[in-house]
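Both counts, for ligands and for their atoms, begin at 1 and track the order of listing.
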Amino acid sequence: MKQSPDSSPAWYALRRTLPPFRFEELLAELVEQLPRYGVDEVMILEDTEELFHGHPTPATAAASVRNLHRVREALAEVGIAYSLNPWITRGHADRGRGALPGMQTVVRADGSQETCIACPLCPVWRDNLRQVWAMYAATRPRALWIDDDIRDVGDDHECYCPLHLERFAKKVGHPVTRQQVVAAVFQPGAPHPWRGWWLDMRQDGTLEVMRLLAQASAGTPIGLMSSGARHHCREGRDWAAVAAALGDNLHSRPTMGNYWEWGPPRGLYFSQDSVKLTRHCLPPGTVDLTELESVPFSRYSKSVAFTFAQLALSFAYGARGAAINIFDHLGTPMQAEAHYGKMLGARKAFLNALAQRAQLPGSFRGVQLVYRKDAGRLMHLTPGAGSAALAGEGYPALEAFEAAGIPTTYDESAVMFLCGQQPRTLSDEEIGVLLGKGLFVDGAAAAILCERGFAAELGLVAAAPPTTLEQNGIISGETFSHPQFGGGPDLHMSAYLPMADYGAKLSQLQPLAHTEVVSHFFDPDMRPLLPAMTACVNARGGRVVVHAWDYASAIGPVGISFHSPTRQRQLHGVVRWLFHNQPPLLVSGDGVWPLVLRKDCQDGSLLACFNLSLDPWPGAQFELHLPRPPADIWILDPSGSWQPAAADAWQAGKFTAHCPITLEQPLVIWFNQQHRA
Ligand SMILES: [Zn+2]
């Protein structure tokens with residue numbers, strides 16, 4: 001069975017290691033099984049994970065290269081593409097491995113030194129890498145993938161070695177010590193000028209390595225794995241410069257996280273964001289293949305159902321393909337975990353049909369999130385904060401919206417969300433524009449905006465910097481009472497149950513007289529203590545909602561208490577109001593943890609709804625405002641065929657579906673806008 005090249009909208013790129021001791025057997029298995037799995041490309045990993053020997057050299061790579069030619073030829077016989085993903089550039093972790101002779105390894109901020117991870121400025125390491133990559137490029141892969149160990153993020157990758165200090169000394173004009181640099185970069189409060197310079201210098205070093213790899217690859221398209229754009233704020237990554245360094249026909253592999261299941265499927269909120277945000281950072285035309293990875297392997301790590309959900313999510317959010325890393329790198333045959341291959345083959349038709357629509361040009365609709373690559377440079381730090389504190393903010397906030405059935409987007413929207421220190425990345429002019437539209441701000445962002453003179457336009461006299469719950473008296477919960485926003489009597493939300501983040505903070509809001517109080521905090525006798533959420537129309541005509549919670553600490557990693565059916569009702573109410581009663585999409589139904597998207601394309605709108613809980617949704621109701629009523633509406637069935645929706649399913653801006661929605665069966669709807677003449 002020979003496949004035609006690029007025939008699959010849902011492109012499967014399997015990442016696979018063929019260790020030398022079992023090479024022939026595993027290559028034969030690829031040729032036999034992959035057409036059944038529907039795999040389109042094999043991304044060979046070299047010298048991987050447990051069987052990693054240390055930095056490959058021209059001498060050690062020679063044997064690999066002979067096998068790589070064999071792989072390319074054997075796969076071509078069955079119409080499957082070959083690409084190459086050398087497992088390391090700088091190195092992921094030491095794991096007892098050593099360095100090349102004369103090589104500089106990373107010196108950490110505390111002065112300790114790595115044994116294997118390379119300093120990106122090291123000339124010995126760079127020269128070796130150039131030679132090895134030229135050998136790899138000569139095997140004619142479809143693309144050569146750089147793994148995310150190229151990152152300059154993390155205690156074991158951020159380097160303060162003599163090479164780094166010497167280069168920085170030239171920048172500041174006098175010798176510097178590691179301790180001086182660390183003290184300046186992580187100075188509490190407003191950033192020291194050295195922080196930006198230090199990040200600039202490190203970014204230059206990374207770009208030099210990327211240019212070197214692009215040159216060594218001699219025209220082979222480069223693929224770049226990345227670790228989440230918020231994370232890369234810690235190194236000040238300039239995405240446009242990265243794309244320019246890596247050359248034309250850039251491929252991207254955004255991490256989807258969730259290497260193993262660590263609870264309910266809630267982690268998929270991260271996956272969808274990583275796909276959207278990484279695409280937002282890179283130039284149009286970048287080919288994205290999501291990173292669907294298990295560590296370790298087998299269903300102990302990741303169920304077949306979750307694996308499918310990650311695939312479906314990749315294609316629903318418009319990815320060109322999925323880079324699938326679900327079989328171990330110890331030489332175990334794929335058929336030892338045959339359930340994965342069976343699922344890949346069985347669900348290909350559904351995923352192809354989904355991908356075909358989702359890859360149409362268009363824009364994602366929802367509440368717009370802010371991402372600024374300079375977040376790490378501008379962040380104010382607390383005493384003792386390290387490099388982790390320089391990461392971009394906003395993840396808990398987007399989870400709050402998505403989990404309430406309100407999609408978020410990085411595309412243009414009439415309503416934006418600002419949280420934490422994000423206002424520090426915006427000029428006064430930019431803030432002015434946002435205040436004239438629809439704006440949702442959390443307590444931390446409101447305090448900064450007030451400090452900068454925007455209190456009245458938020459509908460406030462003042463907002464104090466967030467402090468912990470205990471510092472604000474005895475706060476039992478939040479009551480959603482305002483009928484204009486959908487509130488009513490006895491709609492209470494917890495501020496303080498197990499699984500709440502006990503570090504939760506809130507900002508004391510002082511509303512202006514004309515500002516509406518949407519919800520308030522109450523004490524054990526149900527007496528109102530403080531405003532929790534306010535809404536106002538300001539002098540610019542903009543609508544602003546302020547929520548007193550500091551979202552990062554109130555939702556945080558374990559903030560289950562933030563979420564409830566009442567919270568969903570409250571967020572729906574204010575988002576509907578912010579969009580002047582024309583929200584792009586709100587989903588509700590007999591279930592929790594929804595994940596929903598709307599993408600508007602030229603000929604129609606795609607809607608997809610995932611259920612990230614273990615209880616099936618018996619159906620769902622979607623409130624959406626289309627530019628005109630749809631000509632017809634189609635639902636994608638599990639076999640990959642589009643079926644007409646029931647005639648009465650669409651009524652006055654609401655679409656009602658009566659079919660079960662589970663992790664393994666997301667609901668996909670196409671609202672056709674091509675009206676017959
Ligand atoms: Zn260094």
Side-chain angles (χ1 to χ4, degrees), residues 52 54-57 86-133 146-187 192-213 216 224 226-227 231-238 241-242 245 376-377 386-391:
F52 167 58
H55 292 270
T57 64
W87 189 55
I88 75 160
T89 52
R90 295 182 61 191
H92 292 274
D94 282 345
R95 296 181 185 169
R97 272 70 163 184
L100 300 164
M103 187 181 116
Q104 174 67 55
T105 57
V106 168
V107 175
R108 293 179 177 224
D110 66 5
S112 61
Q113 188 165 2
E114 300 298 304
T115 61
C116 178
I117 300 174
C119 163
L121 305 184
C122 173
V124 172
W125 168 76
R126 286 186 180 188
D127 188 51
N128 180 72
L129 192 66
R130 179 189 297 113
Q131 293 179 54
V132 172
W133 271 61
I146 303 175
D147 229 84
D148 66 338
D149 66 327
I150 195 83
R151 69 186 176 275
D152 198 9
V153 173
D155 292 341
D156 56 357
H157 279 70
E158 296 172 24
C159 186
Y160 296 83
C161 78
L163 295 174
H164 270 87
L165 296 178
E166 200 180 310
R167 203 188 260 214
F168 197 59
K170 287 187 189 136
K171 201 141 186 155
V172 299
H174 58 80
V176 293
T177 64
R178 173 177 50 79
Q179 291 87 341
Q180 286 170 328
V181 174
V182 172
V185 170
F186 301 111
Q187 166 186 285
H192 188 285
W194 280 18
R195 194 201 295 167
W197 299 352
W198 180 250
L199 292 175
D200 284 344
M201 185 196 77
R202 282 170 40 199
Q203 171 74 182
D204 289 346
T206 301
L207 291 172
E208 287 161 15
V209 175
M210 289 178 170
R211 280 185 214 109
L212 175 154
L213 291 172
L224 175 68
S226 53
S227 317
H231 212 46
H232 288 293
C233 289
R234 293 170 60 177
E235 60 177 307
R237 176 170 283 187
D238 179 339
V242 163
R377 293 164 196 268
S387 117
L390 303 181

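For Q113 and T105, the side-chain atoms include at least one donor-acceptor pair closer than 3.5 Å.
Across all their heavy atoms, R195 and V185 have their closest contact at NE-O, 3.1 Å. Closest heavy-atom contact between L212 and L129: CD2-CD2, 4.4 Å.
Using the six-membered ring where Trp is involved, W198 and H164 have ring planes that are tilted, between 30° and 60° apart. Ring geometry, W194 versus H174: the interplanar angle falls from 30° to 60°, so the pair is classed tilted.
The main-chain N or O of R90 is found under 3.5 Å from a side-chain atom of D149 such that the two form a donor-acceptor pair.
Note on the Zn ion (ligand 1): protein N/O/S atoms under 2.8 Å are C119 SG, C159 SG, C161 SG, H164 ND1.
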